[in-house]
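Step one of this worksheet: look at the structure below.
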Amino acid sequence: SLGFDYIATGHYAIVEFDQTRGKYLLRKGLDPAKDQSYFLYMLTQEQLSHVVFPLGTMNKTEIRAYAAEHGMRVRSKPDSQDICFVENGKYQEFIQTESPKAIEPGNFLDLSGKVLGKHKGITAYTVGQRKGLGISSAAPLYVVGKNAADNTVILGARSDTLKKEFLVRDVSYTFLEQPTEPFQAKVKVRYSADEVEAILYPLEDGRVRVQLIKPHPFVAPGQAAVFYQGDLVLGGGTIL
């Protein structure tokens, strides 16, 4: 709408045009430690045709050297972590300031519904979390689920966090037409997780049923599940 041809961002990813397919492809950045393709799975063909990622083919050492060579003030700036606009990564304080009513103490429950103690507000916990629970137990406890409706956090053993199958909604594909048959891909269920082999079953309502070859821990509702073939991003959606 402003009349520009392209927008450039600092994401570590690569966009290229495939002449054979006649489509724009989204690929992982060459630096595996910095790759951010996970966050970009929802980009459409129209958007991919107007975006460039200059850092996608570089690693951080090369970028800092380039910045130093050209006298840029940010050449020694520390890497940003997580949500860059939240100072010092203190999410709970940010939420407390922006939406105080979102943080209300509630109960920790085990899988049978037994109350184990009090939590500080469900926004302070994420599926897979083990530290900072403040609950004494003979065996380590992990967050295996949260229920916003009754403001509870469910705790269990690590084995209770394993999932073999889950649903994904609001699925978008970067270059594929809407698949109608099952297909195999690797799936990443959070930015820091390893990709795992899976079979994807497209459903009539636009959702996808993800069946993992091996059970995987910490599959959290609300996180993105992103589908890959090699370094190629196929698409993704939101875990239900």
Side-chain angles (χ1 to χ4, degrees), residues 9 11-13 15 24-29 35-48 51 82-86 91-92 94-95 98-99 102 121-129 142-154 160-229 231-240:
T9 84
H11 289 92
Y12 291 86
V15 173
Y24 287 89
L25 306 181
L26 176 63
R27 295 188 181 278
K28 297 178 183 177
D35 168 53
Q36 292 176 305
S37 60
Y38 173 84
F39 301 108
L40 304 169
Y41 73 87
M42 75 294 292
L43 292 181
T44 65
Q45 284 291 298
E46 173 67 14
Q47 292 165 336
L48 289 172
V51 68
D82 299 314
I83 303 176
C84 56
F85 62 81
V86 176
Y91 311 130
Q92 191 76 343
F94 176 80
I95 296 171
E98 297 296 321
S99 183
I122 63 173
T123 58
Y125 309 93
T126 187
V127 171
Q129 182 174 333
Y142 294 80
V143 175
V144 299
K146 303 193 294 181
N147 189 335
D150 60 10
N151 193 30
T152 57
V153 177
I154 317 303
D160 296 321
T161 70
L162 295 174
K163 278 199 174 183
K164 185 75 183 289
E165 191 174 293
F166 56 92
L167 291 175
V168 179
R169 63 173 171 84
D170 300 329
V171 176
S172 65
Y173 297 96
T174 54
F175 70 92
L176 296 175
E177 300 301 326
Q178 181 72 38
T180 57
E181 299 294 328
F183 61 99
Q184 195 156 357
K186 288 191 174 182
V187 177
K188 184 189 282 267
V189 297
R190 61 176 66 198
Y191 174 60
S192 59
D194 293 330
E195 296 163 27
V196 290
E197 295 280 356
I199 301 175
L200 309 183
Y201 294 87
L203 304 177
E204 291 183 358
D205 58 6
R207 297 184 300 174
V208 167
R209 178 165 61 89
V210 178
Q211 188 174 72
L212 304 177
I213 303 303
K214 294 180 180 179
H216 191 67
F218 315 142
V219 178
Q223 291 274 17
V226 182
F227 318 142
Y228 291 88
Q229 282 184 350
D231 70 340
L232 191 61
V233 180
L234 302 181
T238 303
I239 299 169
L240 283 169

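The chain is numbered in sequence order, starting from 1.
- Listed by first then second residue, pairs satisfying salt bridge (charged side-chain N to carboxylate O under 4.0 Å, His left out) with a partner in residues 231-240 read Arg27-Asp231, not counting sequence neighbours.
- We find the OG1-CD distance between Thr180 and Glu204 to be 10.5 Å, quoted to the nearest 0.5 Å.
- Among residues two or more places apart in sequence or in another chain, the ring-ring contact (aromatic ring centres under 6.0 Å, His included) test is passed with Phe183 by none.
- When every heavy atom of Thr123 is checked against every heavy atom of Ala102, the shortest pair comes out as CG2-O, 4.0 Å.
- Residue pairs that meet the salt bridge (charged side-chain N to carboxylate O under 4.0 Å, His left out) test with at least one member in residues 168-181, sequence neighbours left out, are Lys23-Glu177.
- In terms of heavy-atom proximity, Leu162 sits nearest to Pro217 at CD2-N, 3.7 Å.
- By the ring-ring contact (aromatic ring centres under 6.0 Å, His included) test, Tyr173 is found to be paired with no residue, residues two or more places apart in sequence or in another chain being considered.
- Counting all heavy atoms, side chain and backbone alike, Gly29 lies closest to Asp35 at N-OD1, 2.9 Å.
- Across every non-hydrogen atom of Ile122 and Lys146, the tightest pair is O-NZ, 3.0 Å.
- Contact record, Phe175 with Val233: CE2-O, 3.9 Å, taken as the closest heavy-atom pair.
- Residues that satisfy the side-chain hydrogen bond (donor to acceptor under 3.5 Å, both in side chains) test with Thr161, not counting sequence neighbours, are absent from this structure.
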### Query
Stepwise, does the side chain to side chain contact (heavy atoms under 4.5 Å, CB included) test hold for His11 with Val51?
CA-CA 11 Å; His11 289 92; Val51 68; over 6 Å; no
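- Atom CG of Leu212 and atom CZ of Phe166 lie 5.0 Å apart (nearest 0.5 Å).
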Could you list the donor-acceptor pairs under 3.5 angstrom formed between side-chain atoms of residues 221-229 and any protein atom two or more places apart in sequence or on another chain?
{"residue": "Tyr228", "atom": "OH", "partner": "Ser37", "partner atom": "OG", "Å": "2.9"}
{"residue": "Tyr228", "atom": "OH", "partner": "Tyr38", "partner atom": "N", "Å": "3.3"}
{"residue": "Gln229", "atom": "NE2", "partner": "Gln184", "partner atom": "O", "Å": "3.2"}

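- Pro179 approaches Pro202 most closely through the heavy-atom pair O-CB, 3.4 Å.
- The ring-ring contact (aromatic ring centres under 6.0 Å, His included) search around Tyr201 returns none, not counting sequence neighbours.
- Applying the salt bridge (charged side-chain N to carboxylate O under 4.0 Å, His left out) rule to pairs touching residues 209-219 yields Glu165-Arg209, sequence neighbours excluded.
- Partner Lys163 forms a side chain to side chain contact (heavy atoms under 4.5 Å, CB included) with one of Val210, Val219, Val127 and no other, that one being Val219.
- Listed by first and then second residue, the salt bridge (charged side-chain N to carboxylate O under 4.0 Å, His left out) pairs that reach into residues 185-203 are Lys28-Glu195, sequence neighbours excluded.
- Remark: the backbone N or O of Ala198 is not paired with any side-chain donor or acceptor of Gln211 at under 3.5 angstrom.
- Partners of Glu46 according to the side-chain hydrogen bond (donor to acceptor under 3.5 Å, both in side chains) rule, which considers only residues two or more places apart in sequence or in another chain, are His50.
- For Thr44, the side-chain hydrogen bond (donor to acceptor under 3.5 Å, both in side chains) partners are Gln47, not counting sequence neighbours.
- Thr238 meets the side-chain hydrogen bond (donor to acceptor under 3.5 Å, both in side chains) test with no other residue; sequence neighbours excluded.
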